[in-house]
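Only one structure is covered here, and it is reproduced in the block below.
A, B, ... follow the sequence lines: proteins, then strands. Residue 1 opens every chain. Treat the numbers as computed from the prediction; the structure is a model and nothing was measured.
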2 protein chains.
Amino acid sequence: MNKTIRPTESELDILSILWEKDSATVREVHEVVQKTKDVGYTTTLKLMQIMNEKGLVTRNVSSKTHIYTPSLNREKAQEHFVGKMIQTLFSGSTSQLVMQALGRQKPSDSDLAEIKSMIQKLERK
Amino acid sequence: MNKTIRPTESELDILSILWEKDSATVREVHEVVQKTKDVGYTTTLKLMQIMNEKGLVTRNVSSKTHIYTPSLNREKAQEHFVGKMIQTLFSGSTSQLVMQALGRQKPSDSDLAEIKSMIQKLERK
DNA sequence: GATTGCTTACGAATACAATCGTATAATATA
DNA sequence: TATATTATACGATTGTATTCGTAAGCAATC
C-alpha cells in the first residue's frame with residue numbers, strides 16, 4: 001500500500017531515532033534531535049503529529065504522554081532511498097555505490113567477513 | 001566553499017542528467033526529465049536557471065540556446081548523500097548499506113571482481 | 001516582411017516543509 | 001488546594017520548492 005510514502009528529511013531524522021528505540025515519546029525523540037538541530041520542542045511535537053496523520057508512525061494515546069512507534073518499515077525505506085540514490089548519483093551502478101561506501105572508511109574485520117561471505121554467495125548464483 | 005550546497009530532489013534529477021551528458025541544453029535535459037515526470041518545458045527551464053543562480057551549474061550563453069554544465073562535483077555529492085543515508089537509514093553502519101546494496105541485484109562478474117579486490121586492499125590495511 | 005517555432009526571462013501561483021507561539025488540559029509538588 | 005511543570009492541540013507564519021503562464025527576442029520559412 002505504502003508505495004508513495006516519502007518521508008521528508010526531518011521526518012527521516014525522527015524515524016531513524018524511532019527505529020533505534022523501537023518506540024519513544026516526543027520528549028525522548030526531541031532530546032536526540034536537539035543534539036544536532038536547534039529547534040523548539042513544539043516543532044518536534046508538530047512534526048510527529050503530522051507523521052501520525054500521514055501514517056508514518058502510530059501512537060498510543062492511553063496515557064497523557066503519547067508513545068510513538070514507527071509504522072514505516074525500515075527495510076522498505078532503505079530499499080527506496082538506496083534505489084533512488086543509485087539511479088541519480090551512480091548512474092544505476094550498484095557496484096559503484098558499494099565501492100564508494102567501502103572507500104569511505106575501513107569496515108571492521110567482522111564486517112569485512114560478512115561482506116565477503118555475501119560475495120561468495122553471490123558468486124555461486 | 002560549497003560545504004552547504006544541498007541540491008533538492010528535482011535538482012538532483014537534473015544534475016544526474018548533466019553528469020551523464022557532461023553538458024546539455026534545457027531541451028535535451030527536459031526530454032529526459034519528461035520520461036519520468038510530467039512537467040512543462042518552462043518548469044525545467046526555470047529550475048535550471050535557479051540552479052545557475054545557486055552555482056550548481058554554469059552556462060554558456062554565447063549562442064541563443066544556452067548550454068549548461070554541472071559545476072557541483074559528482075563525487076562530492078555522492079559522499080554527502082551516502083554519508084547522510086548511512087546515518088539515518090543504517091544506524092551509521094557502512095557495511096549494512098553495502099549488504100543491502102549487494103542484495104538488491106547480482107552485480108556483474110567484473111563488478112564482483114572489482115569489489116573483491118577492493119576488499120582485499122582493505123584487509124591489508 | 002509576415003508567420004511560425006523555438007528560445008530565454010520573469011513574475012506569480014501553488015504546494016509543501018518547518019517553525020513556533022499560545023491556549024488548554026493533566027499531573028506533580030509545594 | 002494553589003502553583004509549577006509538562007503534555008498535547010492547533011493556528012499561523014515563514015521559508016523554500018515546484019509549477020506554469022505570458023511576454024519578448026531571434027531565426028527560419030512561407
Side-chain angles (χ1 to χ4, degrees), chain A residues 2 4-18 21 23-69 72 77 80-81 84 88, chain B residues 2 4-18 21 23-69 72 77 80-81 84 88:
Chain A
N2 280 348
T4 35
I5 278 200
R6 299 189 314 169
T8 68
E9 196 164 343
S10 301
E11 286 170 349
L12 254 191
D13 288 341
I14 289 173
L15 276 175
S16 79
I17 294 166
L18 289 177
K21 295 182 181 289
S23 62
T25 64
V26 174
R27 178 140 313 269
E28 287 166 344
V29 169
H30 181 62
E31 228 115 73
V32 180
V33 166
Q34 253 193 336
K35 287 183 195 166
T36 53
K37 233 179 156 188
D38 187 28
V39 291
Y41 174 82
T42 52
T43 300
T44 304
L45 170 66
K46 180 74 173 189
L47 229 27
M48 291 177 74
Q49 285 170 343
I50 291 173
M51 290 170 76
N52 179 54
E53 281 167 26
K54 290 189 186 175
L56 290 171
V57 299
T58 58
R59 61 180 182 179
N60 184 329
V61 187
S62 59
S63 59
K64 188 201 164 191
T65 305
H66 300 176
I67 296 174
Y68 287 75
T69 309
L72 178 64
H80 174 83
F81 285 103
K84 174 98 196 167
T88 53
Chain B
N2 280 349
T4 36
I5 278 202
R6 299 189 313 169
T8 67
E9 196 166 342
S10 301
E11 286 170 349
L12 255 189
D13 287 341
I14 288 173
L15 276 175
S16 80
I17 294 165
L18 288 177
K21 294 181 181 290
S23 61
T25 65
V26 173
R27 177 138 315 268
E28 288 166 344
V29 168
H30 181 62
E31 227 115 73
V32 180
V33 167
Q34 252 193 337
K35 287 183 193 165
T36 54
K37 233 179 158 190
D38 187 27
V39 290
Y41 175 83
T42 51
T43 300
T44 304
L45 170 67
K46 180 74 172 187
L47 228 27
M48 290 176 74
Q49 285 171 341
I50 291 172
M51 290 170 76
N52 180 54
E53 281 165 26
K54 289 189 185 175
L56 291 171
V57 299
T58 57
R59 59 179 182 179
N60 184 328
V61 188
S62 59
S63 60
K64 187 197 163 194
T65 304
H66 301 175
I67 296 174
Y68 288 75
T69 308
L72 178 64
H80 174 83
F81 284 103
K84 174 96 197 167
T88 53

Report yes if some heavy atom in the side chain of B:F81 is under 4.5 Å from a heavy atom in the side chain of B:L12; otherwise report no.
yes

Identify every side-chain donor-acceptor pair in residues 29-48 of chain A under 3.5 Å, counting partners at least two apart or on other chains, and give the distances.
residue: A:H30; atom: ND1; partner: A:T44; partner atom: OG1; Å: 2.7
residue: A:T36; atom: OG1; partner: A:V33; partner atom: O; Å: 3.3
residue: A:K37; atom: NZ; partner: A:S10; partner atom: OG; Å: 3.2

What does B:I50 touch in the nucleic acid at a heavy-atom separation under 4.0 angstrom: a base, only the sugar-phosphate, or nothing?
base

Rounded interatomic separation in angstrom, taking CG from A:N52 and C1' from D:dA9
13 Å

Could you state the interatomic distance from CE (A:M51) to CG (A:L15), rounded to the nearest 0.5 Å?
3.5 Å

Side chain of B:L45 (C-beta onward), nearest among C:dT8, D:dA7, D:dA9:
C:dT8

Distance test, side-chain N/O of B:Q49 to OP1/OP2 of C:dC10, below 4.0 Å
no

A:K46 or A:T25, whichever maps to the more 5' nucleotide of DNA chain D
A:T25

Show the atom names and distances, to 0.1 Å, of all donor-acceptor pairs under 3.5 Å that link a side chain in residues 55-64 of chain A to residues at least two apart or in another chain.
residue: A:R59; atom: NH1; partner: A:Y68; partner atom: OH; Å: 3.1
residue: A:N60; atom: OD1; partner: A:S62; partner atom: N; Å: 2.9
residue: A:N60; atom: OD1; partner: A:S62; partner atom: OG; Å: 2.7
residue: A:S63; atom: OG; partner: A:T65; partner atom: O; Å: 3.0

Measure from the side chain of B:R27, starting at C-beta and using heavy atoms only, and say which of D:dT8, C:dC6, C:dA17 lies closest.
C:dC6

Can you pull out every salt bridge (Lys or Arg N to Asp or Glu O under 4.0 Å) where at least one residue sits in residues 8-17 of chain B? Sequence neighbours excluded, please.
A:R6-B:E9, A:K84-B:E9, A:K84-B:D13, B:E11-B:K54

So, with a heavy-atom separation below 4.0 Å from DNA chain C, the residues of residues 31-44 of chain B are B:Y41, B:T42

Just how far is it from atom OG1 of A:T88 to atom CD1 of B:I14, taken to the nearest 0.5 Å?
12.5 Å

Could you state the NZ-C1' distance from B:K54 to D:dG15, rounded to the nearest angstrom?
12 Å

Pair pattern of DNA chain D in dot-bracket, where unpaired bases get dots and | marks partners in another strand, Watson-Crick or G-U under 3.5 angstrom
||||||||||||||||||||||||||||||

Whole-Å gap separating C1' (C:dC10) and CD (B:E53):
10 Å

Spacing of B:H30 atom NE2 relative to D:dT19 atom C1', expressed in whole Å:
12 Å

Measure the CG-CD1 distance between A:L18 and A:I67 for me, rounded to the nearest 0.5 Å.
11.5 Å

Does A:R59 put a side-chain nitrogen or oxygen below 4.0 Å from OP1 or OP2 of D:dA9?
yes

Atom pairs under 3.5 Å, N or O on each side, protein against nucleotides 26-30 of chain C: can you list them with distances?
residue: C:dA26; atom: N3; partner: A:K64; partner atom: NZ; Å: 3.4

Can you list, by residue number, the residues of residues 8-18 of chain B that have a non-hydrogen atom closer than 4.0 angstrom to DNA chain D?
B:T8, B:S10

Rounding to an integer number of Å, can you tell me how far A:H66 NE2 sits from D:dT6 P?
17 Å

Between C:dT8 atom P and B:I67 atom CD1, what is the distance in whole Å?
10 Å

